[in-house]
Amino acid sequence: MCFGVSPHNHCRGREVEAVALGFGPDLVDNVGMTNRMNVESFNLDHRRVVAPYVRVADRKTLPGGDTLIKYDVRYCQPNVEHLEMDTIHSIEHMSAELMRNHTDKLIDFSPMGCQTGFYALTLGLEISEFLPILEKTCEDILVATEVPAANEVQCGWGANHSLEGAKTAVRAFLDKRSEWEDAGV
């Protein structure tokens, strides 16, 4: 479940001028800057996305020919709501462990610092392959009886977990499965 926070006031900056200069509105930040940044998500206009969604955030072809595909798995509407820390921490543990039961192509599943979702880094999993794996993983979480590695030996903050919070958030995310492929941008 996502929890609301006070939305920030955003101004459109010099969006019209930026578009005239060839920058898309997604590259205009709150103060009218149009400089492309190195981090893909910093170039995404978070005011325009509509959560929940799953989108390809990055794709890199390695020198050996393998392709890395990074997914933005967004549970909550940016700057409006967020996941509580113990919830996001538990979803991270369960997804990282349980998703590997469905694929050997998951490299990493990590929470976003803004607590609105996760990044999944995969070895060449196209979205048509990734979405069913994500859906199965969510279903696995709903029937889980514990959070894996939620202890002081295997986790840096073993006491900071909520199985019920994770199940509630995942249930809400899974209930909107039909919306996952439309980020609104």
Side-chain angles (χ1 to χ4, degrees), residues 1-2 24 26-27 36-46 48-78 81-83 87-150 154-155 161-163 165-185:
M1 165 188 291
C2 299
D26 59 323
L27 297 180
R36 186 147 183 87
M37 298 190 75
N38 293 322
V39 177
E40 184 276 339
S41 66
F42 295 169
N43 296 309
L44 177 71
D45 188 335
H46 286 72
R48 295 182 188 270
V49 297
V50 180
Y53 64 81
V54 179
R55 71 178 185 90
V56 173
D58 200 6
R59 178 184 300 267
K60 299 251 189 273
T61 302
L62 302 177
D66 289 329
T67 301
L68 298 178
I69 303 172
K70 180 172 86 171
Y71 291 95
D72 172 344
V73 180
R74 194 73 63 147
Y75 272 59
C76 300
Q77 186 62 37
E81 52 191 7
H82 69 280
L83 295 166
T87 295
I88 202 166
H89 192 190
S90 297
I91 295 170
E92 173 204 9
H93 273 231
M94 290 191 286
S95 296
E97 178 66 19
L98 298 173
M99 192 175 290
R100 287 179 169 93
N101 293 334
H102 304 291
T103 183
D104 61 353
K105 294 183 176 185
L106 178 68
I107 295 171
D108 188 45
F109 193 89
S110 302
M112 296 176 177
C114 61
Q115 297 175 223
T116 62
F118 303 87
Y119 287 114
L121 182 61
T122 70
L123 181 60
L125 280 177
E126 296 297 337
I127 198 156
S128 61
E129 300 166 295
F130 179 69
L131 291 178
I133 292 167
L134 179 61
E135 185 173 4
K136 288 178 193 170
T137 302
C138 288
E139 291 167 354
D140 292 345
I141 291 171
L142 293 180
V143 298
T145 58
E146 65 180 4
V147 176
Q154 297 173 292
C155 177
H161 287 280
S162 173
L163 177 62
K167 286 183 174 187
T168 299
V170 167
R171 187 174 300 109
F173 183 68
L174 195 52
D175 284 349
K176 295 191 175 189
R177 169 61 179 94
S178 64
E179 299 174 25
W180 287 2
E181 294 181 72
D182 183 12
V185 291

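Every heavy atom of this structure was used, including side-chain atoms; hydrogens, water molecules and symmetry mates were not.
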Novice: With side-chain contact (heavy atoms from CB on, under 4.5 Å) as the criterion, how do V49 and Q77 come out once you've worked through the C-alpha distance, each side chain's angles and the decisive distance to 0.1 Å?
Specialist: CA-CA 8 Å; V49 297; Q77 186 62 37; 4.2 Å; yes
Novice: Would you give the length of the straight line joining atom NZ of K105 to atom CZ of R100, rounded to the nearest 0.5 angstrom?
Specialist: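 Taking NZ in K105 and CZ in R100, the distance rounds to 14.5 Å.
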Novice: By the salt bridge (Lys or Arg N to Asp or Glu O under 4.0 Å) test, which pairs, at least two apart or in different chains, include something from residues 115-124?
Specialist: none
Novice: Specify the closest pair of heavy atoms between A149 and C155, including all atoms of both residues, with the distance to one decimal.
Specialist: O-CB, 3.2 Å
Novice: Would you give me the side-chain donor-acceptor pairs under 3.5 Å for residues 123-143, sequence neighbours excluded?
Specialist:
residue : atom : partner : partner atom : Å
E126    : OE1  : R59     : NH1          : 3.4
E126    : OE1  : R59     : NH2          : 3.1
E126    : OE2  : R59     : NH1          : 3.1
E129    : OE1  : E126    : N            : 2.7
E135    : OE1  : R177    : NE           : 3.3
T137    : OG1  : I133    : O            : 2.8
D140    : OD2  : H102    : NE2          : 2.6

Novice: When you measure from the side chain of T122 to the backbone N and O of L106, does any donor-acceptor pair fall under 3.5 Å?
Specialist: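 Answer holds: no.
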Novice: Rounded to the nearest 0.5 Å, what separation is found between the CG atom of L68 and the CG atom of L62?
Specialist: 4.0 Å
Novice: Tell me, please, which residues at least two apart from E97 pass side chain to side chain contact (heavy atoms under 4.5 Å, CB included).
Specialist: P148
Novice: Could you list the residues that satisfy side chain to side chain donor-acceptor pair (under 3.5 Å) with S95, not counting sequence neighbours?
Specialist: none
Novice: Find the distance between SG (C76) and NE2 (H82) and round it off to the nearest 0.5 Å.
Specialist: 8.0 Å
Novice: If we only count heavy atoms from C-beta on, is the F109 to M99 side-chain gap below 4.5 Å?
Specialist: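 Side-chain contact under 4.5 Å: yes.
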Novice: Can you see which heavy atom on A144 is nearest to which on L163, and at what distance?
Specialist: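 The answer is O-CD2, 4.0 Å.
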Novice: With D58, which residues qualify under side chain to side chain contact (heavy atoms under 4.5 Å, CB included), at least two apart?
Specialist: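 Only K60, K70 meet the side chain to side chain contact (heavy atoms under 4.5 Å, CB included) criterion with D58.
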Novice: Would you indicate whether the side-chain heavy atoms of Y119 and S41 approach each other to under 4.5 Å?
Specialist: yes
Novice: Please list every donor-acceptor pair under 3.5 Å in which a side-chain atom of residues 178-185 meets a protein atom from a residue at least two apart or in another chain.
Specialist:
residue : atom : partner : partner atom : Å
W180    : NE1  : F173    : O            : 3.0
D182    : OD1  : G184    : N            : 3.0

Novice: Could you go step by step and tell me if V54 and D72 meet the side-chain contact (heavy atoms from CB on, under 4.5 Å) rule?
Specialist: CA-CA 6 Å; V54 179; D72 172 344; over 6 Å; no
Novice: Under 4.5 Å between any side-chain heavy atoms of Y75 and T116, yes or no?
Specialist: no
Novice: Indicate yes or no for a side-chain donor-acceptor contact from Q115 to the backbone of L83 under 3.5 Å, with no hydrogens or angles considered.
Specialist: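 Pair found, side chain donor or acceptor close to backbone of L83.
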Novice: Would you sort out whether H89 and S162 count as a side-chain contact (heavy atoms from CB on, under 4.5 Å), showing the intermediate values?
Specialist: CA-CA 8 Å; H89 192 190; S162 173; over 6 Å; no
Novice: Mind checking what makes side chain to side chain donor-acceptor pair (under 3.5 Å) contact with Y71, not counting sequence neighbours?
Specialist: none
Novice: Considering only heavy atoms from C-beta outward, does the side chain of P52 approach that of R74 to under 4.5 Å?
Specialist: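 When only atoms from C-beta onward are counted, R74 and P52 do not touch, as no gap falls below 4.5 Å.
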Novice: Are H46 and C114 packed together at the side-chain level, in the sense that at least one heavy-atom pair is separated by less than 4.5 angstrom?
Specialist: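 H46 vs C114: side chains apart.
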Novice: Identify, with sequence neighbours excluded, every residue that meets side chain to side chain donor-acceptor pair (under 3.5 Å) alongside S110.
Specialist: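 Residues passing side chain to side chain donor-acceptor pair (under 3.5 Å) with S110: D108.
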Novice: Would you compute the distance between atom CD of Q154 and atom NE2 of H93 and round it to the nearest 0.5 angstrom?
Specialist: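 Atom-to-atom, Q154:CD and H93:NE2 are 9.0 Å apart.
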